[in-house]
Asker: 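I am attaching a structure below and will ask some questions about it afterwards.
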Amino acid sequence: MSSAVLSEPYRAEFDPNSQEFSLAGVIRPHSVDEIAATVTQLKQAIDEARGILYFNVKRLAQMNNTAFHAFARAFIDACRTRSDIRFVIVTSSVVGWTERMFRHLGNIEPQITVEVYDSKFYPGQTFVEDTSFIPILRTQTKMTWRHERAILPRHGMRPGIHMADICCGIGDFAVLARKEFEPARIVALDHSKASLAYARDVATNFGITDIEYTYGDASEMLLEDNQFDLVTCRHSLQIFNQPDLLLKELYRICKPGGRVYITNEKNSHCLGEPRAQSIRWTYDEVAKLFAHFEMDVELGPKSRRYLTDAGFDDIRVESFMVTNLDGDPQDFADIITAWENVYAGEMAVKRGDPPEFIERFRQGFRDHIFAALHPKGYAGWPIWAASGRKPL
Ligand SMILES: C[S@@+](CC[C@H](N)C(=O)[O-])C[C@H]1O[C@@H](n2cnc3c(N)ncnc32)[C@H](O)[C@@H]1O
């Protein structure tokens, strides 16, 4: 959404420690003279650098040809005079044009390479972002909403606010929040093109036109600072290998006095009766499986620490248990089936688990379903909801 991106003039910065020259914002000069100081700054950085100089354009929302040619000239000239230096241009798929334009430069000059930093930026990215997670997210939100609709007003949700749902997945939460609480504005951002396409279809089917679905990277957002009264980020800190980076961004886009609301799990505490032991074994293994891909699905009770370390005050933490008694027990069973399919399927296979392990692993999910559907059974999935206020 163009209204949601950086509108301030561009920023140029050189960090000599990391030998990284960064450009961010919108650079559209009428003539090269307007950016002469920045081009000189780049040339000086190149002179100073040894080995590799990184040119970071991850947050460069727009640049016209005049600017592109001026910067490109500086690189090409340096390649001609310095055989000892290499340039790595770091682009993001979120601003796709940068990759296309700079890739061309890389084709001309072997000393220049282009990296799309978010093409593989955390180890579990492939299965979280392709279509395998869609059925999981659908069934989960249906069950958690029953609890969260009561919890959210204690964490800053109210009519008329400007809110952002970061890592929105397939967008169900944004749709439910819009219906129930009537915020004045909702931006819903995710890095999965498959999930966003799904979200847009759902919105179209429901005749919803005012949710701003946005493709973006939550750890490097193009959203402006201090815009939202409430920033929600559900079940997602736990799948990032660096949750603190994500929290920093949530903090940045939140208004002073506004709140950031996060939900996370502690998978090893999923439980059920009967067959408690087999269930417990499997969910301990779920936590280990995610840890293998550098995701911490045990993060829930650590929310208070993360929010404190990120600079929030007035931190509120509560937990709730989604159970088979919340509604139709089959809904609970459907969540577990979706977990079994992805965790004991794609993920365990990718880790290289042997068939005997996978069979035992699957059995725990089946026992959890057995407990959920048993007339005297009980099955639970605990979740931590927490929020902090950005100080005034
Ligand atoms: C476990 S899902 C949770 C989705 C949704 N909040 C929910 O509760 O249904 C995690 C989501 O984070 C998204 N995601 C992962 N890394 C991201 C990033 N760097 N920027 C934006 N979204 C990201 C994934 O595409 C996925 O939709």
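Counting starts at 1 for both ligands and their atoms, following the listed order. Excluded from the calculations below are hydrogen atoms, water molecules and symmetry mates; all remaining heavy atoms, backbone and side chain alike, are included.
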Asker: Mind checking whether Y343 and F290 have ring centres under 6.0 Å apart?
Answerer: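 Close enough - the centres of the two rings lie under 6.0 Å apart.
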
Asker: Answer yes or no: does an N/O atom from H191 fall short of 3.5 Å to an N/O atom of ligand 1?
Answerer: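 For ligand 1, there is an N or O atom that lies under 3.5 Å from one belonging to H191.
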
Asker: Suppose we measure from atom 2 (S) of ligand 1 to each protein heavy atom; which comes out shortest, and what is that distance?
Answerer: L137 CD2, 3.7 Å

Asker: Heavy-atom distance to atom 24 (C) of ligand 1: which of N264, D190, I136 wins?
Answerer: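 It is D190 that holds the nearest heavy atom.
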
Asker: Just to confirm my output: which protein heavy-atom neighbour is closest to atom 1 (C) of ligand 1, and how far is it?
Answerer: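 Ranking protein heavy atoms by distance from atom 1 (C) of ligand 1, first comes H235 O, 3.2 Å.
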
Asker: Counting from 1, what ligand 1 atoms have a heavy atom of S192 closer than 4.0 Å?
Answerer: 25 (O)

Asker: Name the option, out of G216, A188, S236, that contains the heavy atom nearest to atom 10 (C) of ligand 1.
Answerer: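 It is S236 that holds the nearest heavy atom.
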
Asker: Does an N or O from S219, backbone or side chain, lie closer than 3.5 Å to an N or O of ligand 1?
Answerer: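 For ligand 1, there is no N or O atom that lies under 3.5 Å from one belonging to S219.
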
Asker: May I ask which of S92, C167, S195 has a heavy atom nearer to atom 6 (N) of ligand 1 than the others do?
Answerer: C167

Asker: Report yes or no: do S387 and R316 form a side-chain donor-acceptor pair below 3.5 Å?
Answerer: no

Asker: Heavy-atom count check: over 12 atoms from other residues, nucleotides or ligands less than 6.0 Å from R154 CZ?
Answerer: yes

Asker: So for atom CD, which belongs to E13, do other residues, nucleotides or ligands contribute more than 12 heavy atoms lying within a distance under 6.0 Å?
Answerer: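 No, because the 6.0 Å sphere around CD of E13 holds 12 heavy atoms or fewer from other groups.
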
Asker: Apply side-chain hydrogen bond (donor to acceptor under 3.5 Å, both in side chains) to the pair S18 and D15, showing each step before the final yes or no.
Answerer: CA-CA 6 Å; S18 51; D15 175 355; 3.0 Å; yes

Asker: When the ring planes of H147 and F320 are compared, do they come out parallel, tilted or perpendicular, using 30° and 60° as the limits?
Answerer: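 Parallel.
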
Asker: Identify whether NZ of Lys or CZ of Arg in R234 sits under 6.0 Å from the centre of the six-membered ring of Y261 and within 45° of that ring's axis.
Answerer: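 Ring-cation test returns no.
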
Asker: Is it the case that the ring center of F55 lies less than 6.0 angstrom away from the ring center of F75?
Answerer: yes

Asker: Check this for me - ligand 1, C168, N or O atoms closer than 3.5 angstrom, yes or no?
Answerer: no

Asker: Return the residue, atom name and 0.1 Å-rounded distance of the protein heavy atom closest to atom 20 (N) of ligand 1.
Answerer: A218 N, 2.7 Å

Asker: Taking heavy atoms and a distance under 4.0 Å, where does F173 meet ligand 1: side chain, backbone, both or neither?
Answerer: neither

Asker: With a cut-off of under 6.0 Å to the ring centre and 45° to the axis, is K255 in cation-pi contact with F228?
Answerer: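 Pair K255/F228 does not count as cation-pi.
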
Asker: Would you mind running through ligand 1 and noting each atom that sits below 4.0 Å from a heavy atom of T141?
Answerer: 9 (O)

Asker: As an exercise, identify every atom of ligand 1 less than 4.0 angstrom from a heavy atom of F240.
Answerer: 16 (N), 17 (C), 18 (C), 19 (N)

Asker: With respect to R234, determine whether any N or O atom, backbone or side chain, lies less than 3.5 Å from an N or O atom of ligand 1.
Answerer: yes

Asker: Answer side chain, backbone, both or neither: which part of T263 comes under 4.0 Å from ligand 1, heavy atoms only.
Answerer: neither

Asker: Write out the residue and atom name of the closest protein heavy atom to atom 15 (C) of ligand 1, then the distance separating them to 0.1 Å.
Answerer: Y122 OH, 3.0 Å

Asker: Do the ring centers of Y54 and F21 come within less than 6.0 Å of each other?
Answerer: no

Asker: Report yes or no: does a heavy atom of Q140 sit under 4.0 Å from some atom of ligand 1?
Answerer: no

Asker: W339 and F365: aromatic ring centres closer than 6.0 Å?
Answerer: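 No; F365 has its ring centre 6.0 Å or more from that of W339.
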
Asker: Taking the ring centre of each residue, are H269 and Y283 less than 6.0 Å apart?
Answerer: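 Judged by ring-centre distance (under 6.0 Å), H269 and Y283 do not meet the cut-off.
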
Asker: For atom 19 (N) of ligand 1, which protein heavy atom lies nearest, and how many Å away is it?
Answerer: D217 OD1, 2.9 Å

Asker: Closer than 4.0 Å to some heavy atom of I239 - which atoms of ligand 1 meet that?
Answerer: 10 (C), 12 (O), 15 (C)

